2 protein chains.
Amino acid sequence: MDNSEIERRVAEFVDACRRQGVKATHQRIEILRELLATQEHPDAETIYDRVRQRIPTISLDTVYRTLRTLEDMGAITRVGSMQDRARFDANADRHHHFVCCECGMIGDVYSDVLDRFPVPRELAEMGSVDWVYVELRGRCQKCQARAKKGKT
Amino acid sequence: MDNSEIERRVAEFVDACRRQGVKATHQRIEILRELLATQEHPDAETIYDRVRQRIPTISLDTVYRTLRTLEDMGAITRVGSMQDRARFDANADRHHHFVCCECGMIGDVYSDVLDRFPVPRELAEMGSVDWVYVELRGRCQKCQARAKKGKT
DNA sequence: CTAAGTGCAAATTTTTTGCTTCTGC
DNA sequence: GCAGAAGCAAAAAATTTGCACTTAG
């Protein structure tokens, strides 16, 4: 992302803070800037190491707290699973998953269409694709029902 | 999964153990059986709690070690991200990821085809799908190159 | 000025490891 | 019998929290 684009996104963030009554602190801005400047999808520790060069007094827990805040505000996203702990599956058949963003429920999804998913050829520049894993993200029936009831 | 199917998979596993010179212990078999019997994609602690009812002396670390072993043998898979730590992304545009299974490298993938992917209607029974996230799993160019060199 | 946020240290949670004893083959 | 595995306890990672001080608005 080029510099002007980064600054645009930062300004957007400062604005969102104002609207949401959240403080646009130096730390938050630098952490966001760091994430905007890289393509590497870094983890908390990596972000900490890099931002520390500019704000030497920043602490790792501020990084964790800030990442969570930015995530809640929708400024950044967590890559891969949304869960904290590892979960396992003994289903040997090729399959995909439906994941409920609300309760974390995971369901198996079988679909020929998904299995036969065409890999975009542009991908060749990144590497070879062994298989395409699809995660359908939404809300499970239970959570939908609960939300509807709560709204009444 | 019905009982005969479970036993078939267990027998298959015992066989795989024999072939690979790995011991088919009571604990391993029960952990696998537990995972085969459920659709819930449980985490280590949940598996521990359930298996403990049958093997009261089993320890949580055995569960962790066994899950890793089963994963290495290909008998089970880890759901969602293959990484241990959370990783973040400030890329606000809708996109997907290419993940290298060897080094963990994550690359952004933009694709209209992926974005417009039709959600299979059978999915309606599970819940509502907000968006389809696709993870293209394979080996990045660097790892491919390294593997080729190593083979010589 | 004041509520929200930071930094520090200490706690929690999740997962791994060293070592001794036990067990499948 | 013996290498590989289990169990225990303790450590290591990863992440969160309580509290006093600081800062954005």
Side-chain angles (χ1 to χ4, degrees), chain A residues 10-11 13-34 41-49 51-73 75-76 78-88 104, chain B residues 10-11 13-34 41-49 51-73 75-76 78-88 104:
Chain A
V10 167
F13 170 70
V14 172
D15 224 59
C17 285
R18 194 152 301 153
R19 279 196 305 277
Q20 297 180 49
V22 168
K23 289 185 181 168
T25 64
H26 188 32
Q27 288 86 338
R28 286 176 179 167
I29 291 170
E30 284 311 312
I31 287 169
L32 176 61
R33 214 194 292 275
E34 187 56 52
H41 310 80
D43 56 42
E45 195 101 23
T46 305
I47 296 167
Y48 172 55
D49 287 341
V51 172
R52 198 153 40 143
Q53 290 170 25
R54 279 173 281 147
I55 313 177
T57 57
I58 200 170
S59 61
L60 180 56
D61 61 88
T62 295
V63 174
Y64 273 107
R65 266 193 273 235
T66 301
L67 288 171
R68 191 169 282 268
T69 304
L70 296 179
E71 198 185 350
D72 289 346
M73 293 177 71
I76 65 169
R78 193 175 287 256
V79 176
S81 77
M82 15 202 52
Q83 279 99 222
D84 31 344
R85 313 140 94 137
R87 293 175 63 168
F88 300 87
Chain B
V10 168
F13 169 72
V14 172
D15 224 59
C17 284
R18 192 151 303 151
R19 279 197 305 276
Q20 297 179 50
V22 169
K23 288 183 183 170
T25 63
H26 187 31
Q27 288 87 337
R28 286 177 178 166
I29 289 171
E30 284 312 309
I31 288 170
L32 176 62
R33 213 194 294 273
E34 187 56 52
H41 310 81
D43 56 40
E45 196 100 23
T46 305
I47 296 167
Y48 172 55
D49 287 341
V51 172
R52 199 154 40 142
Q53 289 170 23
R54 279 172 283 147
I55 314 178
T57 57
I58 200 171
S59 61
L60 181 56
D61 62 271
T62 295
V63 174
Y64 273 106
R65 264 193 271 239
T66 301
L67 287 171
R68 190 168 281 269
T69 304
L70 295 179
E71 199 185 350
D72 290 344
M73 291 177 72
I76 66 170
R78 192 174 289 255
V79 176
S81 77
M82 14 201 55
Q83 279 99 224
D84 29 346
R85 315 142 94 137
R87 293 175 63 167
F88 300 87

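Sequence lines set the chain letters: A, B, ... in the order given, protein chains first and strands last, and positions in each chain run from 1. Because the structure is predicted, anything quoted here is derived from the model rather than measured.
Atoms CZ and CD, from A:Phe88 and B:Glu71 in turn, are 6.0 Å apart once rounded to the nearest 0.5 Å. Separating the CG atom in A:Asp43 from the CZ atom in A:Arg78 is a distance of 11.5 Å, to the nearest 0.5 Å. To the nearest 0.5 Å, the span separating CD1 on A:Ile29 from OG1 on A:Thr66 amounts to 11.0 Å.
Less than 4.0 Å separates DNA chain C from at least one heavy atom of each of the following residues of residues 18-33 of chain B: B:Lys23, B:Ala24. Residues of residues 54-73 of chain B having a heavy atom closer than 4.0 Å to DNA chain C, listed by number: B:Leu60, B:Asp61, B:Tyr64, B:Arg65, B:Arg68.
A cation-pi arrangement is present between A:Arg52 and A:Tyr48, with the terminal nitrogen or guanidinium carbon under 6.0 Å from the aromatic centre and inside a 45° cone about the axis.
Protein chain B contacts DNA chain C from C:dT14 to C:dC25, reading 5' to 3' and using non-hydrogen atoms of the protein with a distance under 4.0 Å.
Comparing the local axis fitted to the first five base pairs of the helix from C:dC1-D:dG25 to C:dC25-D:dG1 with the one fitted to its last five gives a bend of 40°, rounded to 10°.
The distance from atom CG of A:Asp43 to atom P of D:dA14 is 8 Å, rounded to the nearest whole Å.
Looking at heavy atoms from C-beta onward, B:Ile31 lies out of side-chain contact with B:Ile76 at the 4.5 angstrom threshold. The shortest side-chain heavy-atom distance between B:Val51 and B:Val63 does not fall under the 4.5 Å cut-off.
For the salt bridge (charged side-chain N to carboxylate O under 4.0 Å, His left out) test, residues two or more places apart in sequence or in another chain that qualify with B:Arg33 are B:Glu7, B:Glu30.
Closest approach of B:Cys17 and B:Met73 over heavy atoms only: SG-CE, 3.8 Å.
Under a 3.5 Å cut-off, the side chain of B:Arg87 and the backbone N or O of A:Val79 do not form any donor-acceptor pair.
Annotation: side-chain hydrogen bond (donor to acceptor under 3.5 Å, both in side chains) contacts involving residues 18-28 of chain A, sequence neighbours excluded, comprise A:Asp15-A:Arg19.
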Verdict with supporting geometry, B:Thr46 and B:Asp49, side chain to side chain donor-acceptor pair (under 3.5 Å): CA-CA 5 Å; B:Thr46 305; B:Asp49 287 341; 5.8 Å; no

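When B:Thr69, B:Asp61, B:Thr62 are each tested for a side chain to side chain donor-acceptor pair (under 3.5 Å) with B:Arg65, only one passes: B:Asp61.
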